[in-house]
Q: 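Input: one structure, supplied below.
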Amino acid sequence: MSGRAYDEVMELALRRGFYFPSCEIYDGAPAGFWDYGPLGNALKNRYVEAWRRYVVRYDGMVELDGSVIMAKDVFVASGHLESFADPITRCLRCGSVFRADRLLQEKTGKIVPERLPDSEIYAMILREGVRCPSCGGELSEVTRFNMMFRVSVGGEGAEAYLRPETCQSLFIDFLRVYKIGWSRFPLPLCQFGKSFRNEISPRQGLLRLREFYQAEVEVLFDPEDDLDERRWARLKDHRLRLAHDGESVTEITAEEAVREGLVPMRIEAYYLALIQRFYEIIGIDRTRIRLRRLGEDEKPFYARESWDLEVQTSLGWVELVACNYRGDYDLSGHMRVSGKDLTAYNRGRKFVPHVFELSMGVDRSVYVLLEHNLTSDGRRRVLRLPPFLAPVQVAVLPLVDRDGLPEKAMEVYEALRIDFDAVYEADDTIGKRYRMLDEIGVPFCVTVDYQTLQDDTVTVRDRDTTRQERVPVSELKAWLSRALSYPDVR
RNA sequence: GCGGCCGUAGUCUAGCCUGGUAGGACGUGGGCCUGCCACGCCCAAGGUCCCGGGUUCAAAUCCCGGCGGCCGCACCA
């Protein structure tokens, strides 16, 4: 696992301002927090806009924005207070920490029930004589480490938590959203926003953060009513890259996957196709994408079936999207704890909606976009982002910094700067400017030369081919709009 | 959290083993030059050598602790 590409992305991120450590002027700042600089923020925003286009609007989803701090009861209902913490024991001699239940199972072969109280687990450790696998030392009592950040709210210090996933507000807000008119199923709710997890050892830059962006889709549906034909027709022929047991990938259309039982329901196959296609559109090499079905021991506590959309990187396969069939776990839980009725009405029948979710890691996706698109042929280093994702869309350059060219170039820049993310660059030789702009993925460079002063045309240089085309200044805006437009999908 | 390696201007790095308070490259600012793909010239700014403590006449260099980074284990909704 060579991390060379990772190191190159990291160096570029620091030097050109894509992202960098949070609070970095202070010593002792905790790990797992990163800030987006000007370019990274722009890239992240474009990624989210693409998501809105190819996932949210394409499917007719309903986007909400919930609060980050949520009441304790939310996480009683969601199971996070109980299940988001693992029973832990530590070695009293060497300090190593172990999952108590797994250690017991490994050493004794006995299954440790998930709900067993900590004191019982500890009693088992003593009874079975289990000791530290590293040094043979004695093990401590069993404790829990919850990965949620606890906060206290108001003068009373009411117990609340930073959400560990964005989706809980979608489940909770469902009641109101449903009542005020969004009452057709399937009902895909979605949200882009921050989540927080107190990871034990955050690592690898944007790949594992304690504060991070998610873009989550929670499709609420009637379990007796599989996907409508209108949606199904759109993506049933898309070829899914399904990974079974480990490595081998089978390419199979969504329709065949359902027919052959590889994916149980149409609604799952459809949304798996939707999300895989999204990553293909934004420029991730599809041969480096797989949808891996998780085994029983890997699934989150609330999931009935899980697929991870994974992408191959220099650090191995990275999970970008968790796709989970959550059943009625969430709404039933919130009904039980809140006492509110979250059933819906469809075709003369009351039911608790089931949920299929697409939980996307935004920061990880941004990282993968950088790593997959950063190319180097020895002389030239180019960030080959699709033009519609580029943080800077166009640069305006006077060929030389004299003879009236800068004035004319500035005029061109002024005409573009509101409609596009444009920069003006006059320093250094023209070749050097092209190189600097290639590195941050600027897809088009508009150069004002001596001919411009004669006939009011400029050259537009293509980042990927370095070829230049002469375009009248009067047509520049239309030319760029076309070149920067989103690819069409039906 | 455990173990290994590591932490020097914005970035990459020399120096560390064999203590004597830092040198380069790129980048940045200014000037010159420049008719299209980083190769030009001149000048300048920029360093708490991660932080704290210890040893020493003297610490970037040796020792301890902390923080951070990478890798492995563990964990990963």
Side-chain angles (χ1 to χ4, degrees), chain A residues 1-3 6-8 10-17 20-33 37 75 78-80 83-86 88-91 93-99 102-103 132-135 137 145 147-148 163-168 195 197-205 207-209 214 216 294 298-303 306 308 315-316 318-319 322 324 326 329-330 357 359 361 379-382 397-403 405 426-439 445 447-452 459 461 463 465-468:
Chain A
M1 243 189 245
S2 146
Y6 172 85
D7 292 335
E8 256 188 71
M10 192 70 243
E11 190 271 335
L12 182 72
L14 291 172
R15 188 166 46 78
R16 301 303 302 269
F20 37 81
S22 172
C23 309
E24 63 177 336
I25 69 168
Y26 290 101
D27 295 319
F33 300 91
F75 304 108
S78 73
H80 282 89
S83 304
F84 205 47
D86 299 320
I88 276 170
T89 180
R90 72 179 61 225
C91 173
R93 192 196 295 170
C94 74
S96 295
V97 175
F98 306 93
R99 272 284 293 267
R102 296 221 174 148
L103 188 62
C132 172
S134 301
C135 75
F145 172 71
M147 288 177 73
M148 285 196 293
R163 62 186 182 189
E165 50 181 12
T166 59
C167 61
Q168 290 306 323
S195 291
R197 294 177 194 172
N198 203 355
E199 296 283 352
I200 293 173
S201 60
R203 215 174 265 187
Q204 294 176 328
L207 295 186
R208 196 188 297 165
L209 299 165
Q214 292 185 302
E216 291 196 302
L294 302 189
E298 291 182 281
K299 291 187 317 193
F301 63 86
Y302 48 66
S306 299
D308 278 354
L315 297 167
V318 171
E319 172 197 337
N324 297 303
R326 301 171 72 125
Y329 178 89
D330 303 282
E357 85 170 347
S359 174
R379 272 216 162 287
R380 223 160 70 90
R381 199 173 187 213
V382 187
L397 323 166
L399 181 60
V400 292
D401 200 17
R402 56 182 163 82
D403 299 337
L405 296 186
D427 295 336
D428 298 312
T429 64
I430 190 73
K432 192 162 183 173
R433 278 177 277 165
Y434 287 148
R435 291 290 193 272
M436 300 300 286
L437 294 161
D438 285 341
E439 190 180 56
C445 289
T447 302
V448 169
D449 57 15
Y450 288 99
Q451 192 182 328
T452 309
T459 65
R461 169 190 180 268
R463 176 196 65 200
T465 63
T466 77
R467 288 216 190 82
Q468 286 174 290

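In what follows, chains are A, B, ... by sequence order, proteins preceding strands, each numbered from 1. The figures that follow rest on heavy atoms only: side chains count, while hydrogens, waters and symmetry mates do not. Keep in mind that what you see is a predicted model, and the values were worked out from it rather than measured.
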Q: Start with the C-alpha distance between A/Arg433 and A/Asp427, add both sets of side-chain angles, then the distance that settles side-chain contact (heavy atoms from CB on, under 4.5 Å), and finish with yes or no.
A: CA-CA 8 Å; A/Arg433 278 177 277 165; A/Asp427 295 336; 5.7 Å; no
Q: Does the side chain of A/Thr447 come under 3.5 Å of the side chain of A/Tyr434 through a donor N or O and an acceptor N or O?
A: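 Yes.
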Q: It should be established whether A/Arg15 places a side-chain nitrogen or oxygen under 4.0 Å from OP1 or OP2 of nucleotide B/rU11.
A: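 Looking at the OP1 and OP2 atoms of B/rU11, neither is under 4.0 Å from any side-chain N or O of A/Arg15.
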Q: Report the distance from atom CE of A/Met147 to atom C1' of B/rC75, rounded to the nearest whole Å.
A: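 One finds 7 Å between C1' of B/rC75 and CE of A/Met147, rounded.
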Q: Nearest heavy atom decides the nucleotide; on that basis, is A/Glu24 or A/Asn324 closer to the 5' end of RNA chain B?
A: A/Glu24
Q: Nearest whole Å is fine: how far is B/rG27 C1' from A/Arg381 CZ?
A: 13 Å
Q: Can you find a side-chain donor-acceptor pair between A/Tyr450 and A/Asp403 that sits under 3.5 Å?
A: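 A/Asp403 and A/Tyr450 do have a side-chain donor-acceptor pair below 3.5 Å.
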Q: Given atom CD of A/Glu8 and atom P of B/rU13, what is their separation to the nearest angstrom?
A: 12 Å
Q: The side chain of A/Met436 is closest to which nucleotide in this list: B/rU11, B/rG27, B/rC37?
A: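 Ranking B/rU11, B/rG27, B/rC37 by closest atom to the A/Met436 side chain puts B/rG27 first.
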Q: Can you measure A/Ile25 atom CD1 to B/rC51 atom P for me and round it to whole angstrom units?
A: 14 Å
Q: Between atom CG of A/Asp308 and atom CD of A/Glu319, what is the distance when rounded to the nearest 0.5 Å?
A: 3.5 Å
Q: Regarding A/Met10, tell me which of base, sugar-phosphate or nothing describes its non-hydrogen contacts under 4.0 Å with the strands shown.
A: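 Here A/Met10 touches no strand at all.
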Q: Pairing check on B/rA44: which nucleotide meets the Watson-Crick or G-U wobble criteria with it, both distances under 3.5 Å?
A: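 Its partner is B/rU28 (Watson-Crick or G-U wobble, both distances under 3.5 Å).
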Q: Tell me yes or no: between the side chains of A/Glu165 and A/Ser195, is some donor less than 3.5 Å from an acceptor?
A: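 No, because no side-chain N or O of A/Glu165 sits under 3.5 Å from a partner of the opposite role on A/Ser195.
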Q: When you compare B/rC70 with B/rC26, how far apart are their P atoms, in angstrom units rounded to a whole number?
A: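 Roughly 29 Å separates the two P atoms.
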Q: Between B/rU28 and B/rC67, how far is it from one P atom to the other, in whole Å?
A: 37 Å
Q: Given that both distances must come in under 3.5 Å, which nucleotide forms a Watson-Crick or G-U wobble pair with B/rU18?
A: none
Q: Just by protein heavy atoms under 4.0 Å, how would nucleotides 30-36 of chain B read 5' to 3' in B, S and -?
A: ----BBB
Q: Expressed as a whole number of angstroms, how long is the span from A/Glu439:CD to B/rC12:P?
A: 13 Å
Q: Could you identify the nucleotide paired to B/rC62, looking across every strand shown and requiring Watson-Crick or G-U wobble geometry with both distances under 3.5 Å?
A: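 Looking at the geometry, B/rC62 pairs with B/rG54.
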Q: Send over the distance from A/Lys432 NZ to B/rC41 P, rounded to a whole Å.
A: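 Distance check: A/Lys432 NZ to B/rC41 P gives 11 Å.
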Q: Under a 3.5 Å cut-off for both contacts, is B/rA9 paired Watson-Crick or G-U wobble with anything, and if yes, with which nucleotide?
A: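 Base partner found: none.
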Q: In terms of the angle between their ring planes, are A/Phe75 and A/His80 parallel, tilted or perpendicular, with boundaries placed at 30° and 60°?
A: perpendicular
Q: Any strand is fair game: report the nucleotide pairing with B/rC2 by Watson-Crick or G-U wobble, both distances under 3.5 Å, or none.
A: B/rG72
Q: Mark up nucleotides 65-70 of chain B, 5' to 3', with B wherever a protein heavy atom is under 4.0 angstrom from a base atom, S wherever such an atom reaches only the sugar-phosphate, and - elsewhere.
A: --SSSS
